[in-house]
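Some notes on the structure that comes next.
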Amino acid sequence: MISLCKTSDLTIGGQSVTLAEIVSVARDGRRIRISSDSAFVDQMARSEAMLAAAVQRGIPVYGVTTGYGKSCGKRLPKDKVIQRNGASPLHFHGCGTGEPIGIEETRAAMVCRLLCLARGYSGVSRQLLEQMAAFLNCGITPVVPCEGSVGASGDLTPMSYVAAALGGDREVFYRGKRMPAAEAIRRAKLAPYAFRMKEHLSMMNGTSMMTGIATMAVERAGRILEAAVCATALSLHALKGKAHHFHEMIGEAKPFPGQIRIARHLTRLLQTKFDLSKLEENSPECLQDPYSIRCTPQIAGVLDDALQWISGWVTTEANSCNDNPIFDPDTGLPLMSGNFYGGHMAFAMDALKSAVASLADMSDRQITLLVAPQHNRGLPADLVGITGEDAAFNHGFKAMSLAASALAAEALKNTMPAASFSRSTESHNQDKVSMGTIAARDCARICTLTERVTAIHLMAAAQACELRGNVGYRPRLKMLLKHIREVVAPTRKDRPMDIDIEHLVQSIVYSDLFYT
């Protein structure tokens, strides 16, 4: 359940917002306020008037005086337009399948739809925005099946569930329970929304669901990145690795900003006043560390750099008007176009999921270095945490390394670009589709898998540092280890560690523990 926070309200009034502000509503329960500024109110009213004028003049307005999709050749007399609710697209798009999209992602999608409609191009009322804001502020979240969008005419099917809930139909999550939308509306002392012309379609015809999922994926990817870098620093210390692999001159020679930042972060974490010859393995065969350690700036730096442009793309999409049709504010002319097409989100999410999965692979390889006695430079096999007779009958991180490999393999398997699987749909009207929602869902799944791999990596690296016994020579690592131990305990004798994994995942996702 989202706990409503006491931060100042986020005002929606046609202006752009940041991804962090969207997350603050979706995750932290920050309240939404629809602007009462006179210029914004007038803009929304003018847009509504343009729609009404077009209908009165007999100008074809897609989805208002015409059929939907391939049926746009059908025309509805203007005296029947107002009574069109019985033919709402919400009804026949109620065909979603699969588990519900996450509550945070759905809330982010609702914020994105608010931003889209508040641009003032759609011909919808301010009252529709107020209903969405009321749902968000009361913590009412529509139940949205995850499957069924090709991401081209936007997220028609998933967003139909959001729209239907506003009107009191279908189901929602409210106060920790799943219930009929009408019941939640009654409990929250709201009223079902009565849609005006075009408003059904404007709720559905756009990229808001994929963008909401993408927004949360960007947030999660950034947190995974920081945690994976911390785990790498712990791993390098435990393996008596070489800190000079992250020398600043290396970044000057290959100046990708992400690579440079990650190297600096690792250097900061590994900082010590102690003699490095006492902390690093100096045997001839250990002149260079394995790639998963040595190349962490070059591996993780890809994600760091990618997040810069991906965040920009997602921010642009979230603050865009991706509805169809929209109205030219100068002439009132209805413009039928394709802003609902999710191509940018598909490409961004296909790229992001690849970069995140690469971190899962990197962490899995480092875990193997830590547990394998032929690679871990003198640590106990499988990081068994006890000595003596009982050590032979304990298995330490043996199964944890297997689990990490399974998770990493699944993450890598899901990196196939969703955009490459465009299908012709809807009687060959939607003949080229983005698959943006599938790409975003894939990315969210890969984030989930990689969070778990990273949690296992952190646990293994922390155990390894304690077994090595000299982490105190690096103050930042000592503090990091202390914080990890406040979440999960060391592993001495064999015990289940599934709950520990989940606790550490929660720290990765919701705390600032790894922003050292």
Under the side chain to side chain contact (heavy atoms under 4.5 Å, CB included) rule, what do Leu352 and Leu303 come out as? Steps first, then yes or no, please. CA-CA 7 Å; Leu352 183 59; Leu303 176 56; 3.6 Å; yes
Smallest separation among heavy atoms of [X] and [Y], with atom names:
X	Y	answer
Ala214	Ala440	N-CB, 4.4 Å
Ile34	Phe40	CG2-CE2, 3.9 Å
Ala133	Ile32	CB-CG2, 3.6 Å
Leu449	Ala411	CD1-N, 3.6 Å
Ala181	Val172	CB-CG1, 3.8 Å
Cys447	Ile224	O-CD1, 3.6 Å

Check step by step if side chain to side chain contact (heavy atoms under 4.5 Å, CB included) holds for Leu266 and Leu236. CA-CA 10 Å; Leu266 286 165; Leu236 181 138; over 6 Å; no
Side chain to side chain, [X] and [Y], heavy atoms closer than 4.5 Å:
X	Y	result
Glu451	Leu504	no
Asn339	Asp323	no
Phe195	Leu90	yes
Val55	Val64	yes
Val111	Thr215	no
Lys198	Ser122	yes
Gln127	Arg196	yes
Ile22	Glu219	no

N/O donor-acceptor pair under 3.5 Å between [X] side chain and [Y] backbone:
X	Y	result
Thr66	Gly63	yes
Ser24	Glu21	yes
Tyr174	Thr141	no
Asp37	Ala39	yes
Asn414	Ile446	no
Asp155	Met209	yes
Asn319	Val17	yes
Asp350	Ala418	yes
Ser160	His93	yes
Asn137	Arg31	no

How about [X] and [Y]: does a side-chain donor come under 3.5 Å of a side-chain acceptor?
X	Y	value
Glu317	Thr211	no
Ser320	Asn322	yes
Gln506	Glu502	yes
His457	Ser363	yes
Arg220	Thr448	yes
Glu147	Thr97	yes

How long is the straight-line distance from [atom2] of [Y] back to [atom1] of [X], given to the nearest 0.5 Å?
X	Y	atom1	atom2	value
Gln366	Ile456	CD	CD1	14.0 Å
Met132	Leu117	CE	CG	5.0 Å
Ile484	Phe514	CD1	CZ	5.0 Å
Ile299	Asp304	CD1	CG	13.5 Å
Met349	Asp442	CE	CG	11.0 Å
Leu407	Thr450	CG	OG1	8.5 Å

Intermediate values then yes/no, side chain to side chain contact (heavy atoms under 4.5 Å, CB included), Ile262 and Thr232: CA-CA 11 Å; Ile262 299 301; Thr232 294; over 6 Å; no
Is any NZ, NE, NH1 or NH2 atom of the basic residue among Arg445 and Glu410 found under 4.0 Å from an Asp or Glu carboxylate oxygen of the other?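 Judged by the 4.0 Å cut-off on N to carboxylate O distance, Arg445 and Glu410 do form a salt bridge.
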Whether Glu226 and Arg261 form a salt bridge (side-chain N of Lys/Arg under 4.0 Å from carboxylate O of Asp/Glu) is what I want to check.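 Judged by the 4.0 Å cut-off on N to carboxylate O distance, Arg261 and Glu226 do form a salt bridge.
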Determine whether more than 12 heavy atoms belonging to other residues, nucleotides or ligands lie under 6.0 Å from atom [atom1] of [X].
X	atom1	value
Tyr121	OH	no
Met336	CE	yes
Glu99	CD	no
Arg485	CZ	yes

Parallel, tilted or perpendicular: which one describes the rings of His344 and Trp313, with boundaries at 30° and 60°?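 Perpendicular: the ring planes of His344 and Trp313 meet at over 60°.
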Hey, mind stepping through Arg223 and Thr454 against side chain to side chain contact (heavy atoms under 4.5 Å, CB included) and telling me if it holds? CA-CA 10 Å; Arg223 291 177 172 274; Thr454 307; over 6 Å; no
Report the residue from Asp9, Val23, Leu136, Val25 that forms a side chain to side chain contact (heavy atoms under 4.5 Å, CB included) with Arg30.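 The side chain to side chain contact (heavy atoms under 4.5 Å, CB included) with Arg30 is passed solely by Val25 among Asp9, Val23, Leu136, Val25.
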